[in-house]
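To keep things clear, I will list the structure first and then write my remarks on it.
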Protein chains: 2
Amino acid sequence: MKRSSRLSIALHALVHLHAQPGKQLSSAALATCLMTNPVVVRRILGELREAAIVDASKGPNGGWTLSRPATEITLRDVYAALGERMLVRTESDPGDVTCAIVRSVDRVMHDFLDDAEALLAARLQRVRLSDLATDALHAGFPRLD
Amino acid sequence: MKRSSRLSIALHALVHLHAQPGKQLSSAALATCLMTNPVVVRRILGELREAAIVDASKGPNGGWTLSRPATEITLRDVYAALGERMLVRTESDPGDVTCAIVRSVDRVMHDFLDDAEALLAARLQRVRLSDLATDALHAGFPRLD
DNA sequence: CTATATGTAACAATAAAAGTTACATGAAAC
DNA sequence: GTTTCATGTAACTTTTATTGTTACATATAG
């Protein structure tokens with residue numbers, strides 16, 4: 001599989017959970033839907049559980065459910081829960097930081113990326129999980145601007 | 001070395017070129033500064049050459065120079081020349097696109113990232129190479145907002 | 001012609017991400 | 001209580017992307 005599909009997998013799983021409200025979906029069942037491994041599902045949803053986005057229950061008929069309505073889950077919540085950076089951080093060689101130019105480049109890029117990251121987060125916050133689910137049927141999607 | 005340091009290396013090299021105007025710096029010399037390999041320098045600067053940001057000349061006393069003043073080179077130019085995506089594209093399993101949910105997630109994320117990418121490019125355009133170079137000496141840096 | 005630079009292909013090494021196996025833990029059903 | 005079926009997690013393997021390296025062709029100044 002390609003790089004950084006975690007967010008994609010997470011969203012896909014969440015939409016599946018939303019599509020079957022009240023039902024507990026097991027990691028194995030989700031793994032089949034997502035064409036991946038149950039452990040991968042547990043790893044990713046485990047992070048969402050810590051962020052109180054989903055709940056997990058063990059034992060027979062156990063599995064995953066949404067902790068709250070899909071209208072109250074934004075993509076920012078999911079993004080933050082995964083602790084990922086959507087922005088690729090540009091990094092210099094650690095042995096290279098004695099050079100003033102390198103430090104300057106790093107500092108400027110760091111500031112820029114922090115700034116951009118906040119901007120992205122604000123935009124992600126405008127998209128709700130329910131928007132995603134709706135979009136699976138209709139083409140309409142809230143404009144970002 | 002860490003992931004995606006190409007932009008960082010490119011900027012570092014460009015500032016070095018700017019710091020010694022008129023002088024031709026060889027890939028080997030730059031590689032020493034950047035703590036990397038001459039071939040890596042050639043690969044990266046080669047892309048900048050195609051974008052008419054730097055010039056290369058062969059033979060003795062050959063090397064790299066800026067094609068135009070550092071005040072006329074923006075970070076967007078460099079970024080675009082490298083053909084990189086600062087935003088990590090979220091990708092789904094190719095065998096999975098028959099699922100309406102996956103396609104929906106992919107479409108929404110694709111739209112979102114395109115949108116965000118344009119936003120980032122606009123911001124990068126405000127930063128000139130000369131700003132970076134100046135920053136290597138002074139702490140002042142143009143505010144982004 | 002020679003020395004020295006870029007240009008590039010081919011390959012090796014490294015690092016990050018995902019996939020897999022194995023097993024411990026917990027909760028419901030009987 | 002014991003059986004069953006789920007999550008939780010550690011350890012390891014596989015895969016992929018990136019970077020580093022070697023080798024050599026090409027061009028150019030002197």
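Below, read A as the first sequence line, B as the second, and so on, with proteins coming before strands; counting in each chain starts at 1. Keep in mind that what you see is a predicted model, and the values were worked out from it rather than measured.
As judged by a 4.0 angstrom heavy-atom cut-off over every strand, Asn37(A) is placed among the base-contacting residues. Here Gly59(B) lies in heavy-atom contact (under 4.0 Å) with a base.
Listed for the Ser104(B) side chain is a donor-acceptor partner under 3.5 Å among the backbone atoms of Leu132(A).
Straight-line distance from the CD atom of Gln24(A) to the P atom of dA29(C): 11 Å, rounded to whole Å. Atom CG of Leu25(B) and atom C1' of dT4(C) are 15 Å apart (whole Å). In this entry the distance linking CD of Glu50(A) with C1' of dG8(D) reads 11 Å, nearest Å. Look at CE on Met35(A): it is 11 Å from P on dT20(C), rounded to the nearest Å. Atom P of nucleotide dT18(D) and atom CD of Glu47(B) are separated by 12 Å, given to the nearest angstrom. Across the protein-nucleic acid pair, Leu7(A) atom CG and dA18(C) atom C1' stand 16 Å apart, rounded to whole Å. For the pair Arg6(A) CZ and dG19(C) C1', the computed distance is 14 Å after rounding to whole Å. Counting to the nearest Å, the P atom of dT19(D) and the NE2 atom of His12(B) are 16 Å from each other.
Between dG26(C), dT20(C), dT6(C), one nucleotide has an atom nearer to the side chain of Val39(A) than all others, and that is dT20(C). Considering only side-chain atoms of Ala56(A), the nucleotide from dG8(D), dT28(D), dA18(C) that sits closest is dG8(D). The nucleotide whose nearest atom lies closest to any side-chain atom of Trp64(A) is, among dT20(C), dT7(D), dT19(D), dT7(D). Taking every side-chain heavy atom of Lys58(A) into account, dG26(C) is the closest of dT28(D), dG26(C), dA11(D).
In this structure, Ala56(B) and Arg49(B) approach most closely via the heavy-atom pair CB-CD, 3.9 Å. Residues Ala81(A) and Glu47(A) approach most closely at O-OE1, 3.7 Å, considering heavy atoms.
Note on Arg128(B) versus Asp131(B): salt bridge recorded, some NZ/NE/NH1/NH2 to OD/OE distance being below 4.0 Å.
Within the structure, every side-chain polar atom (N or O) of Ser26(B) is placed at least 4.0 Å from both OP1 and OP2 of dA5(C). Proximity of Arg42(A) to the phosphate of dG8(D): no side-chain N or O atom is located under 4.0 Å from OP1 or OP2. Distances shown here put every side-chain N or O of Arg43(A) at or beyond 4.0 Å from the OP1 or OP2 atom of dA10(D). Listed pair Thr36(A) / dA18(C) fails the phosphate criterion, with no side-chain N or O lying under 4.0 Å from OP1 or OP2.
Between the side chains of Thr65(B) and Asp55(B), no donor-acceptor pair of N or O atoms lies under 3.5 Å.
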